[in-house]
Visitor: 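Here it is, the structure in full.
Atom set for the values below is all heavy atoms of this structure, side chains included, hydrogens, waters and symmetry mates excluded.
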Amino acid sequence: MDTPTHGSFIWLEAVCAERNVARRYTVALSRDLFGASIVEFAWGRIGTRGQGRAVSFASEDEASRFAAQLLRRRASAPKRIGVPYREVVLAP
């Protein structure tokens with residue numbers, strides 16, 4: 001997974017029927033009307049409403065570092081939940 005930049009949207013899923021795992025995780029980077037960088041991320045079981053959060057940063061670099069940290073945590077999923085996250089490509 002690459003370091004996210006503004007305008008990025010990443011959708012990840014971890015699915016394993018044997019382990020009853022069906023998770024989703026999204027990360028989006030954008031700007032608000034005042035020029036601040038926003039990282040929005042959401043998680044939950046596939047098919048449910050889930051939870052979400054948005055964090056505001058003064059600089060684009062801080063926001064990118066935070067998003068990269070979130071993605072590094074998702075990359076460690078095989079050790080934690082036994083199933084890797086895979087990026088879902090959304091059709092245009």
Visitor: Starting at CD of Glu40, measure out to OG of Ser30 and round the result to the nearest 0.5 Å.
Guide: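 With rounding to 0.5 Å, CD (Glu40) is 5.0 Å from OG (Ser30).
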Visitor: Would Arg80 and Arg73 count as a side-chain contact (heavy atoms from CB on, under 4.5 Å) if you check the C-alpha gap in whole Å, the side-chain angles of each, and the deciding distance to 0.1 Å?
Guide: CA-CA 10 Å; Arg80 293 179 296 109; Arg73 176 74 172 157; 3.3 Å; yes
Visitor: Under a 3.5 Å distance rule, please check whether Arg74 uses its side chain to pair with a backbone N or O of Gln69 as donor and acceptor.
Guide: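 Absent.
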Visitor: Output the distance between atom CH2 (Trp43) and atom OG1 (Thr48), rounded to the nearest 0.5 Å.
Guide: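 These two atoms lie 12.0 Å from each other.
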Visitor: To the nearest 0.5 Å, what is the distance between CG (Leu71) and OH (Tyr85)?
Guide: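 Separation between the atoms: 11.0 Å.
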Visitor: Looking at every non-hydrogen atom in both residues, tell me the closest pair between Arg24 and Arg49 and how far apart they are.
Guide: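 Nearest heavy atoms, Arg24 then Arg49: NH2-O, 2.9 Å.
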Visitor: Taking it one step at a time, do Leu70 and Tyr25 satisfy side-chain contact (heavy atoms from CB on, under 4.5 Å)?
Guide: CA-CA 10 Å; Leu70 292 173; Tyr25 200 88; 3.5 Å; yes
Visitor: How long is the span from the CZ atom in Arg31 to the CD atom in Glu60, to the nearest 0.5 Å?
Guide: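 Arg31 CZ to Glu60 CD: 5.0 Å, rounded to 0.5 Å.
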Visitor: Would you kindly confirm whether Val88 and Val15 end up in one hydrophobic cluster when ILVMFWY residues are joined by side chain heavy atoms under 4.5 Å apart?
Guide: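 Val88 does not cluster with Val15.
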Visitor: Determine which pairs satisfy ring pair (Phe, Tyr, Trp, His ring centres under 6.0 Å) with at least one residue from residues 53-83, sequence neighbours left out, and list them in order.
Guide: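 Ring pair (Phe, Tyr, Trp, His ring centres under 6.0 Å) check on residues 53-83 returns Phe41-Phe66, Phe57-Phe66.
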Visitor: Determine, step by step, whether Ser37 and Leu29 satisfy the side-chain contact (heavy atoms from CB on, under 4.5 Å) criterion, reporting the C-alpha distance in whole Å, the side-chain angles of both residues, the deciding distance to 0.1 Å, and the verdict.
Guide: CA-CA 7 Å; Ser37 297; Leu29 273 76; over 6 Å; no
Visitor: Verify the cluster assignment for Ile46 and Ile10: are they in a single hydrophobic cluster under the rule of side-chain heavy atoms below 4.5 Å apart?
Guide: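 Different clusters.
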Visitor: Give me the atom names and distance for the closest heavy-atom approach of Val39 to Ala63.
Guide: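 Val39 and Ala63 have their closest heavy atoms at CG2-O, 3.5 Å.
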Visitor: Rounded to the nearest 0.5 Å, how far does CZ of Arg23 lie from CZ of Arg45?
Guide: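 One finds 9.0 Å between CZ of Arg45 and CZ of Arg23.
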